[in-house]
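As a basis for the values below, the full set of heavy atoms in this structure was taken, side chains included, without hydrogen atoms, waters or symmetry mates. Indexing begins at 1, ligand by ligand and atom by atom, following the structure's order.
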Amino acid sequence: MKVTRETFNDVMMPCYAPGNMIPVKGKGSEVWDQEGKAYIDLTGGIAVNVLGHSHDELVKALLDQAQNLWHLSNVMTNEPALRLAKKLTELTFAERVFLCNSGAEANEAAFKLARRYQHDKGNTHKKTLLAFNRSFHGRTLFTVSVGGQPAYTEGFDPIPGGIVHAEFNNLDSVMEKIDDTLCAIVVEPIQGEGGVKPADKAFLEGLRELADKNDALLIFDEVQTGVGRTGHLYAYQAYGVTPDILTTAKALGGGFPIGAMLATDQVGKSLIPGTHGSTYGGNPLGCAVAEKLLELVANADLLAGVGDKAAIIKEALSKFNDQHSIFSNIRGEGLLIGAELAEPFIGKASDIIRQARENGVFVLVAGSNVIRFAPALNIEQEVLQEGMARFFRTLTDLLNSNKNTLTD
Ligand SMILES: *Cc1c(COP(=O)(O)O)cnc(C)c1O
C-alpha cells in the first residue's frame, strides 16, 4: 500500500504537524526519506536515539530476544527485566526499579509512589506535588497537570488537584509555595521542552534541603537528561544532588519504547502488590535492548567524548553568532544544547527547523524561541560538522531573504 504525507491528513488525529517528507531508513546519524534524499540527524529523535539509528549491537540484542520470548504477563518475571533492573541499581543511587514503556508512565508512577509513600507513613495530609513553571513531565492527564505549561491542560479539565507550581531556579518562590501538605518536589535537572534551561547547582541543593526539612520527597525527571545525554549517565551525578525517585525513558531503549522509575528501597517498597502495574512494562524485548544500551552508554570513553562534541556545536554557534548576532544565549550541558533566538528570528524557531530540514539537517525546537540540538552521543565528527554547516547555510539564507524583504 502506498502512503504519502497526504495520508497523514486523511487518517491521523491532527495532534502533530509533521514535516512533508517521510523518513524510511536510518543508520548512525543519517536518515533517508521516501525519495532517497539524505539528512543528518542532530536531534536523535528528541534525545532518544542516543547511539544513532539501527545500531548493530542493539539490532542484534533485539533480534536475539525476538527469537526467544516476546511477552509474558506480570504474573511471571523475566531474565532481561531482572538484568536491566540490576544494572540500573548498580549504576545509580536506586535500590528498586519499576519498569514501564514511556516517560509519562514513569512520571505517573513516580507521582503515585510519592503520594502512596506519604500515605503509608501516616502523612495522610501530605498530598501536594510542587513542580515548576515551564516544566514538562508527559501527556497523561496527571503528568501534564504537574507540568508547568497551562496551554497543555486547556479544555481537559477538571484536572487532578494537589499540584502547585513555583519559579524554576528560584528558591524563594519555592519556599512561598511550601506548606505542611508538601508531598514531593518534582524537577527536571535541565528543563528540556521548556527551553534547555539547566538548574543551578545551588537550586537543586536547596530543593534537597527543603524536601528533607519538610518530610517530603525529591523527584528528578531525567527522562530527557538521562542515559548519557549530559556526558554523565544521569545529570544528578554531575550535580552531586541525589533524589529519592528518578524517572528515565527516552534514550533508555535507544529508540525502543521503555521507561523506568527508580527509587531508594525505603520509598520504593511502598508499591506493594495491587498498587500499580503495566501490561507491557518490563517486557523482554524492551529490557533486552535497554540492557545492551546501558552497557554501551555507561562507557567512560563514550561519555568523555560528549564534551568534545558539545564543544564543536557550541563553538560553531558562538562563531556564527559573533558575525550575525542572532542568538541571545547559547546554553545546555553535554549534547543537550539550546540556542535562544534574538532579532530578527524571535518566534521563528519552527520556520528555521523546517527550512533546515529542506537543507538536509534535522534540528529541534524547545519552546517557541530556542533551537535545540540533541544528536546521538556517537555521532562522527565529520557528520556533526557537515550537519552544522547545513544549519548555518539555512540561517544565512534566511538572513539574506530577510534583508531582501527589508530593502524591497
Ligand atoms: C519527553 C519527556 C517526558 C515524556 O516522555 P514520553 O515518553 O513522551 O511520555 C517527560 N519528561 C521529560 C523531561 C521529557 O523530556
Side-chain angles (χ1 to χ4, degrees), residues 13 15-16 18 43-50 98-114 129-149 151-153 156 163 165 168-169 184-199 204 207 218-230 232-236 239 243 245-262 278-283 286 289-290 293 332-338 364-367 370 372-375:
M13 302 235 179
C15 58
Y16 305 114
T43 67
I46 314 201
V48 168
N49 304 304
V50 72
F98 173 79
L99 294 168
C100 54
N101 311 287
S102 67
E105 275 182 75
N107 285 325
E108 182 88 17
F111 305 157
K112 283 180 70 180
L113 172 60
L129 298 168
L130 189 154
F132 293 95
N133 296 332
R134 274 177 290 283
S135 64
F136 184 77
H137 300 296
R139 293 287 200 156
T140 65
L141 191 53
F142 195 5
T143 56
V144 84
S145 306
V146 174
Q149 312 206 39
Y152 290 177
T153 50
F156 296 115
I163 300 165
H165 294 95
F168 188 67
N169 273 339
I185 301 173
V186 184
V187 67
E188 297 162 83
I190 301 171
Q191 285 193 335
E193 302 306 307
V196 190
K197 297 205 181 95
L204 293 187
L207 293 183
L218 182 61
I219 303 173
F220 279 3
D221 177 348
E222 292 227 31
V223 169
Q224 187 153 164
T225 53
V227 196
R229 179 59 39 206
T230 64
H232 305 268
L233 192 62
Y234 286 96
Y236 86 87
Y239 277 102
I245 301 176
L246 179 149
T247 54
T248 177
K250 285 204 165 90
L252 185 59
F256 197 94
I258 184 167
M261 173 189 57
L262 318 182
S278 156
T279 296
Y280 276 119
N283 77 86
V289 175
L293 184 115
E333 287 300 323
L335 283 170
L336 182 57
I337 294 171
L364 290 165
V365 298
V370 175
R372 174 172 36 164
F373 300 83

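Looking at every heavy atom in both residues, T140 comes nearest to A104 through CG2-CB, 4.0 Å.
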Using the rule given for salt bridge (Lys or Arg N to Asp or Glu O under 4.0 Å), can you reason through E188 versus K197, listing the C-alpha separation, both sets of side-chain angles and the distance that settles it, and then say yes or no? CA-CA 9 Å; E188 297 162 83; K197 297 205 181 95; over 6 Å; no

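Looking at N169, its side chain does come within 3.5 Å of a backbone N or O of P198 through a donor-acceptor pair. At distances below 3.5 Å, not a single donor-acceptor pair connects side-chain atoms of H137 with backbone N or O atoms of V187.
Residue pairs meeting the salt bridge (Lys or Arg N to Asp or Glu O under 4.0 Å) criterion with at least one member in residues 133-145, sequence neighbours excluded: R134-E167.
Listed by chain and number, S102, G103, A104, N107, F136, H137, G138, E188, D221, V223, Q224, K250 each place a non-hydrogen atom less than 4.0 angstrom from ligand 1.
The neighbour count for F142 CZ, taken as heavy atoms of other residues, nucleotides or ligands under 6.0 Å away, is above 12.
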